[in-house]
Amino acid sequence: MRDHDHEHGDHSGYATGTERVVVLERIFEENDQTAAANRRDFESAGVTAVNLMSSPGAGKTTLLRETLRLLQGRLAVGIVEGDIETSIDADRLDGFGAAISLINTANGFGGECHLDAPMVRSALARLPLAELDLLIVENVGNLVCPAEFDVGSHANAMVYSVTEGEEKPLKYPVMFRSADLVIVNKIDLIPHLDYDLDLFYANLKRVHPGVATIETSARTGLGIDRWCDWLCELHRARHAAEAIS
């Protein structure tokens, strides 16, 4: 997986002066310090953490529900569920054997459109971290901000739906560049769409050459086994590397 030294993008569009830029840099610095603390806690507990990102409606929660079903008996899984409001997604994941900690960003976090490292840290106290193998952070649905905030994960995965169009890697390059894995979801809908899968892959290659991809249909279950194998291999490889070091 890629190094966690990461760029936060070009924020010149935000800037109204030097003070604004300094404030942004301080926010990212403080976030990264907390992310490093989260990662140390994960590693101390033997937990592999994955940050799962997407736009709203791309199918993250349906994918996670099928993931939890298939991983039962293979890995002990915890979920940090991020949403601006409601427990709808967390409720959909209940009953599949995972420990779930919900964060509503409208409650005390100002309604943020992403999860950051301090939010994730606040959720960890409600999880039995020492009993888990894998922690998946289901980030708030957004193709911009979640990619810029390290939450302490060991890998970033994003769910992209074919219903979003072929141009999304070009329009949201920071998100696609931040991903160690791009899950191309709702692949079963392609026969019903005016959609060019080859063009999407060409655009993705322009933005992030060589990034791993898996094609899935969370609705039918197609490809979910490959995604689960990817998670298990990530966990195995991390522990093998720790044993060597």
State whether the side chain of [X] and the backbone N or O of [Y] hold a donor-acceptor pair below 3.5 Å, judged by distance alone.
{"X": "Asn203", "Y": "Glu166", "answer": "yes"}
{"X": "Asn104", "Y": "Ala106", "answer": "no"}
{"X": "Asn31", "Y": "Ala117", "answer": "yes"}
{"X": "Ser44", "Y": "Arg40", "answer": "no"}
{"X": "Asn142", "Y": "Val144", "answer": "yes"}
{"X": "Glu81", "Y": "Ser101", "answer": "no"}
{"X": "Lys205", "Y": "Tyr201", "answer": "no"}

Should [X] and [Y] count as side-chain neighbours, where that means a heavy-atom distance under 4.5 Å?
{"X": "Asp116", "Y": "Asp150", "answer": "no"}
{"X": "Leu52", "Y": "Val159", "answer": "yes"}
{"X": "Arg177", "Y": "Val207", "answer": "yes"}
{"X": "Asp229", "Y": "Arg74", "answer": "yes"}

Which atom names give the shortest non-hydrogen contact between [X] and [Y], and what distance separates them?
{"X": "Ser178", "Y": "Met175", "result": "OG-O, 2.8 Å"}
{"X": "Glu138", "Y": "Leu64", "result": "OE1-CD1, 3.3 Å"}
{"X": "Ile79", "Y": "Leu93", "result": "CG2-CD1, 4.1 Å"}
{"X": "Ala218", "Y": "Glu66", "result": "O-CG, 3.6 Å"}
{"X": "Val137", "Y": "Leu115", "result": "CG1-CD1, 3.7 Å"}
{"X": "Leu234", "Y": "Ala155", "result": "CD2-CB, 3.9 Å"}

- Message: If you apply the rule side chain to side chain donor-acceptor pair (under 3.5 Å), what do you find for Thr48 with Arg238, and how did you get there?
- Response: CA-CA 7 Å; Thr48 300; Arg238 277 206 56 257; 3.0 Å; yes

- Geometric class of the His239/His235 ring pair [parallel <30°, tilted 30-60°, perpendicular >60°]: perpendicular

- Decide side chain to side chain contact (heavy atoms under 4.5 Å, CB included) for Leu134 and Val47; before the verdict, give the C-alpha distance in whole Å, the side-chain angles of both, and the deciding distance to 0.1 Å. CA-CA 5 Å; Leu134 175 69; Val47 172; 5.9 Å; no

- Message: Determine whether the aromatic ring centres of residues Phe149 and His114 are separated by less than 6.0 angstrom.
- Response: yes

Do [X] and [Y] share a hydrophobic cluster (ILVMFWY, side-chain heavy atoms under 4.5 Å, transitive)?
{"X": "Leu132", "Y": "Ile103", "result": "yes"}
{"X": "Leu102", "Y": "Val140", "result": "no"}
{"X": "Ile100", "Y": "Leu71", "result": "yes"}
{"X": "Leu222", "Y": "Leu197", "result": "yes"}

- Intermediate values then yes/no, side chain to side chain contact (heavy atoms under 4.5 Å, CB included), His154 and Asn51: CA-CA 8 Å; His154 298 102; Asn51 184 18; over 6 Å; no

Enter the distance from [X]:[atom1] to [Y]:[atom2] here, rounded to the nearest 0.5 Å.
{"X": "Lys186", "Y": "His192", "atom1": "NZ", "atom2": "NE2", "result": "13.0 Å"}
{"X": "Leu68", "Y": "Ile136", "atom1": "CG", "atom2": "CD1", "result": "6.5 Å"}
{"X": "Leu204", "Y": "Leu199", "atom1": "CG", "atom2": "CG", "result": "11.0 Å"}
{"X": "Glu112", "Y": "Met119", "atom1": "CD", "atom2": "CE", "result": "5.0 Å"}
{"X": "Met158", "Y": "Lys60", "atom1": "CE", "atom2": "NZ", "result": "9.5 Å"}
{"X": "Leu231", "Y": "Asp133", "atom1": "CG", "atom2": "CG", "result": "11.5 Å"}

Between [Y] and [X], do the side chains contain a donor N or O and an acceptor N or O under 3.5 Å apart?
{"X": "Asp188", "Y": "Thr220", "answer": "no"}
{"X": "Ser55", "Y": "Glu164", "answer": "yes"}
{"X": "Thr62", "Y": "Arg92", "answer": "yes"}
{"X": "Ser153", "Y": "Asn156", "answer": "yes"}
{"X": "Thr216", "Y": "Trp227", "answer": "no"}

- Task: Go through the steps for Phe200 and Val162 under the test side chain to side chain contact (heavy atoms under 4.5 Å, CB included), then give the verdict.
- Result: CA-CA 9 Å; Phe200 165 75; Val162 297; over 6 Å; no

- Query: So Asn185 and Tyr160, side chain to side chain contact (heavy atoms under 4.5 Å, CB included) or not? Walk me through it.
  - Reply: CA-CA 6 Å; Asn185 194 33; Tyr160 155 82; over 6 Å; no

- Task: Count the heavy atoms of every other residue, nucleotide or ligand shown that sit under 6.0 Å from CZ of Arg206, and state whether that count exceeds 12.
- Result: no

